[in-house]
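Everything below concerns the one structure shown next.
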Amino acid sequence: MNDLFLQSVTLSRNEAFDTSYLKEIEALRSLKTLSFSRRITFFAGENGTGKSTLLEAIAIASGLNPEGGTKNYSFSTYDDYSGLAGSLRLSKGPIRPRQSYFLRAESFYNVASATMEKYNDDGWLPDYHAQSHGESFLSFIQRYDRPGLYLMDEPEAALSPQRQLTLLLHLVRTAEAGAQFLIATHSPILLAAPEAEILSFDDGEIHPVAYEETGSYRITKLFLENREGFLRELLRED
């Protein structure tokens with residue numbers, strides 16, 4: 001056993017799973033137990049392969065608000081969750097995290113509003129709504145630099161390439177201090193984090209892959225190395 005806060009997740013298929021759209025997602029249908037061995041774990045793969053669905057379920061099973069925030073956040077604007085959390089069993093480490101959060105770029109406005117309402121009576125927090133979406137998203141993340149369990153769903157959607165590098169540095173430094181991250185991403189910048197494990201949801205099962213084997217890396221590399229030829233072929237096919 002390692003010293004990670006979250007050691008593994010086990011899927012116990014039940015009637016709720018087998019009668020929902022979840023059974024149509026190959027990577028989830030074949031999932032039994034998924035173990036974590038690194039402080040930074042990335043969920044990679046094409047759209048629709050189950051990355052965000054599993055991440056959301058882990059967040060809910062961990063007691064986090066499905067729309068984002070920490071365990072102290074309870075707002076809800078749209079109840080459309082998969083129900084997968086009810087089929088998951090989490091195996092936790094011997095030490096509980098002092099902090100935790102779940103962040104998804106598309107609902108961060110609501111997290112920012114809840115944060116300002118709950119925790120900014122004395123005005124010590126930055127005004128997240130006075131910042132750009134990316135700036136406020138990164139500001140929230142950088143507040144949490146102690147050992148904890150942190151889940152992010154496609155954080156690159158809110159960040160420029162330069163700010164993705166800033167986030168990459170934060171991930172590495174905070175992981176070195178004892179934090180654990182689970183992140184669903186398509187970003188070839190974030191996926192390059194040293195010592196991270198990349199789990200691909202492609203090909204019908206969740207499996208570890210090397211950085212250079214990810215679709216995000218291969219497509220980006222191909223495009224940047226031969227932009228004109230890539231576009232010519234793409235437009236010809238269209």
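- By the ring-ring contact (aromatic ring centres under 6.0 Å, His included) test, F36 is found to be paired with no residue, residues two or more places apart in sequence or in another chain being considered.
- Between the side chains of T10 and T33, at least one donor-acceptor pair of N or O atoms lies under 3.5 Å.
- The salt bridge (charged side-chain N to carboxylate O under 4.0 Å, His left out) contacts involving residues 37-46 comprise D3-R39, where partners must be two or more places apart or lie in separate chains.
- Sorted by first and then second residue, the salt bridge (charged side-chain N to carboxylate O under 4.0 Å, His left out) pairs involving residues 159-180 (not counting sequence neighbours) are R173-E176.
- R227 meets the side chain to side chain contact (heavy atoms under 4.5 Å, CB included) test with F223, L231; sequence neighbours excluded.
- Within the structure, no pair that satisfies the salt bridge (charged side-chain N to carboxylate O under 4.0 Å, His left out) test touches residues 186-198, not counting sequence neighbours.
- With sequence neighbours excluded, no residue forms a salt bridge (charged side-chain N to carboxylate O under 4.0 Å, His left out) with E24.
- For T214 (side chain) and V209 (main-chain N/O), no donor-acceptor pair under 3.5 Å exists by modelled atom type.
- Taken from CD1 in I60 to CG in N65, the straight-line distance is 8.5 Å, to the nearest 0.5 Å.
- Note: the hydrophobic cluster containing F181 does not contain L169 (ILVMFWY, side chain heavy atoms under 4.5 Å, direct or indirect links).
- With sequence neighbours left out, E26 forms a side chain to side chain donor-acceptor pair (under 3.5 Å) with no residue at all.
- For the 3.5 Å distance criterion, the side chains of S87 and N14 qualify, holding a donor opposite an acceptor.
- The list of salt bridge (charged side-chain N to carboxylate O under 4.0 Å, His left out) pairs with a residue in residues 198-223, not counting sequence neighbours, reads K221-E225.
- Between the T220 side chain and the Y217 main chain, no donor and acceptor come within less than 3.5 Å of each other.
- Listed by chain and residue number, D18 satisfy the salt bridge (charged side-chain N to carboxylate O under 4.0 Å, His left out) test with R13 (two or more places apart in sequence, or in another chain).
- In this structure, the side chain of K51 engages the main chain of G45 through a donor-acceptor pair within 3.5 Å.
- Residues that satisfy the side chain to side chain contact (heavy atoms under 4.5 Å, CB included) test with E154, not counting sequence neighbours, are S52, E156, H186.
- Qualifying side chain to side chain contact (heavy atoms under 4.5 Å, CB included) partners for L90, counting only residues two or more places apart in sequence or in other chains: L6, V9, A61, S62, K92.
- Taking the side chain to side chain contact (heavy atoms under 4.5 Å, CB included) definition, one finds that A192 meets it with Y211, sequence neighbours left out.
- Looking at every heavy atom in both residues, L55 comes nearest to L151 through O-CD2, 3.8 Å.
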